[in-house]
There are 2 protein chains.
Amino acid sequence: MTLPHFSTKDRILYAAEELFAQQGFASTSLRQVTSRADVNIAAVNYHFGSKENLVNEVFRRRMDDMSRERLAALQRAVEAHPGQLEPILAAFVEPALAMAQDRHGGGAFIRVIARAYAESNDSLRKFLSDQYGHVPREFAKALVGCVPGLGKEDLYWRLDFLSGALTYAMADFGLIKRPAGVSEANHRQRAAKALIRFAAAGFQADAS
Amino acid sequence: MTLPHFSTKDRILYAAEELFAQQGFASTSLRQVTSRADVNIAAVNYHFGSKENLVNEVFRRRMDDMSRERLAALQRAVEAHPGQLEPILAAFVEPALAMAQDRHGGGAFIRVIARAYAESNDSLRKFLSDQYGHVPREFAKALVGCVPGLGKEDLYWRLDFLSGALTYAMADFGLIKRPAGVSEANHRQRAAKALIRFAAAGFQADAS
DNA sequence: GTCTATAGACGGATAGAC
DNA sequence: GTCTATCCGTCTATAGAC
């Protein structure tokens with residue numbers, strides 16, 4: 001996939017994203033990236049300075065969009081359906097779904113996120129927490145009003161369960177394999193819908 | 001951590017497990033492993049043959065136990081509480097909890113599992129699927145009878161959600177940080193309990 | 001901005017002495 | 001079983017021509 005109408009820098013980003021998704025950060029070499037992007041090996045250091053910085057840029061590009069969309073969707077959900085649980089959960093899940101269906105490698109990015117949680121050494125982890133930690137906190141605030149009687153500790157646990165389930169399912173780690181007759185978009189759509197329903201019931205369970 | 005009363009082979013396994021948990025497989029070098037285990041660099045290839053085989057052995061040592069315990073707990077749950085959902089979920093969750101609380105590094109292993117989902121290249125993935133894929137399938141069979149009206153597709157989705165949430169929570173990837181006054185064992189115990197309750201409600205939700 | 005060439009470090013694996 | 005020494009490949013990063 002050479003994408004000749006994109007700049008060298010963008011071609012590197014796309015190629016890196018796909019390879020990181022397939023192999024992880026550590027086992028992806030800059031040589032693989034530049035070979036797939038069809039650019040010279042030296043271009044990475046010219047445009048990004050270092051491999052670590054390339055990793056951060058791959059993240060920033062997608063994560064900024066997804067976080068912005070999640071927060072916007074949250075605001076719309078709270079205004080349009082005050083006190084309702086499922087719209088808030090949808091505001092959390094659906095931007096991830098949309099990302100996974102994006103044409104230009106967004107599907108790969110969901111797997112990149114999944115890897116980041118597992119693979120992150122402290123530097124990447126700190127980067128993620130500093131830059132995007134406010135997003136789940138905003139959702140927690142909104143959810144407090146929807147599930148009366150749910151303590152803060154249980155609320156936070158359940159948000160973590162939702163994140164884990166979302167990451168795992170969108171990254172196709174589980175048992176479920178897409179059936180031959182179902183398109184990838186359709187498959188993910190059904191996953192998102194199933195997850196929202198599952199989580200809505202879970203959030204409404206009596207506190208433990 | 002030198003553990004002088006363990007054999008060279010075991011010291012390598014313990015050291016590898018901890019480093020894999022912290023850094024992942026690809027970014028952990030055999031030199032780091034042997035240095036931490038305080039054994040000679042050549043010992044890895046003498047005892048394990050290759051790095052890939054060392055990775056497999058790290059898994060086998062813990063996974064055999066955990067799978068056996070899950071299946072045994074499943075059988076006990078089905079016999080003692082036929083048709084009940086929560087005991088089956090507990091049989092899935094609690095062996096992971098026990099592993100996470102194990103004295104000799106089992107806690108690290110939970111994070112190794114989380115990494116494996118994300119990082120496994122095809123060889124590790126195939127190894128895990130071949131060796132341990134029957135476990136979630138047994139749970140799926142048992143769950144069919146507990147949630148009448150739930151289609152197979154939704155059942156499998158929900159099992160995947162449970163696995164994701166479990167892995168994520170036990171590996172401490174989420175928002176929740178253990179409060180200062182709570183012991184690690186107690187913290188995980190509460191997580192497991194919260195997860196079982198969350199998932200039980202989720203499994204009983206109407207199909208989507 | 002893009003290339004070639006290479007420096008310099010580190011990786012897994014092995015040979016062979018003890 | 002354990003060691004030293006080493007082979008050989010790959011990696012990131014950079015210098016310098018164009």
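Throughout, protein chains are lettered first and strands after them, A, B, ... in sequence-line order, and every chain is numbered starting at 1.
A:D65 has a carboxylate O that lies under 4.0 Å from a charged side-chain N of A:R68, or vice versa, which qualifies the two as a salt bridge. The pair A:R197-B:D154 does not meet the salt-bridge criterion, since no charged nitrogen lies less than 4.0 angstrom from a carboxylate oxygen. Ion pairing of B:K141 with B:E138 is present here, as a side-chain N (NZ or NE/NH1/NH2) and a carboxylate O approach within less than 4.0 Å. The pair A:R188-A:E184 meets the salt-bridge criterion, since a charged nitrogen lies less than 4.0 angstrom from a carboxylate oxygen. The existence of a salt bridge linking A:D64 and A:R60 is excluded, since no basic side-chain nitrogen approaches an acidic carboxylate oxygen closer than 4.0 Å.
For the segment residues 45-52 of chain B, the set of residues with a heavy atom within less than 4.0 Å of an atom of DNA chain D comprises B:Y46, B:H47, in numerical order.
Partners of A:A16 according to the side chain to side chain contact (heavy atoms under 4.5 Å, CB included) rule, which considers only residues two or more places apart in sequence or in another chain, are A:F20, A:V33, A:L54, A:V58.
The side chain of A:S29 places no N or O atom within less than 4.0 Å of a non-bridging phosphate oxygen (OP1 or OP2) of D:dT10.
Using a distance-only test at 3.5 Å, with no hydrogens or angles considered, a donor-acceptor pair links the side chain of A:R178 to the main chain of A:V182. A donor-acceptor pair is defined here as one N or O able to donate and one able to accept, closer than 3.5 Å; such a pair exists between the side chain of B:R158 and the backbone of B:F203.
Protein chain B contacts DNA chain C over a range whose 5' and 3' limits, counting nucleotides with an atom under 4.0 angstrom from a non-hydrogen atom, are C:dG11 to C:dT14.
Base engagement by A:A42 is indicated by at least one non-hydrogen atom pair under 4.0 Å involving a base atom.
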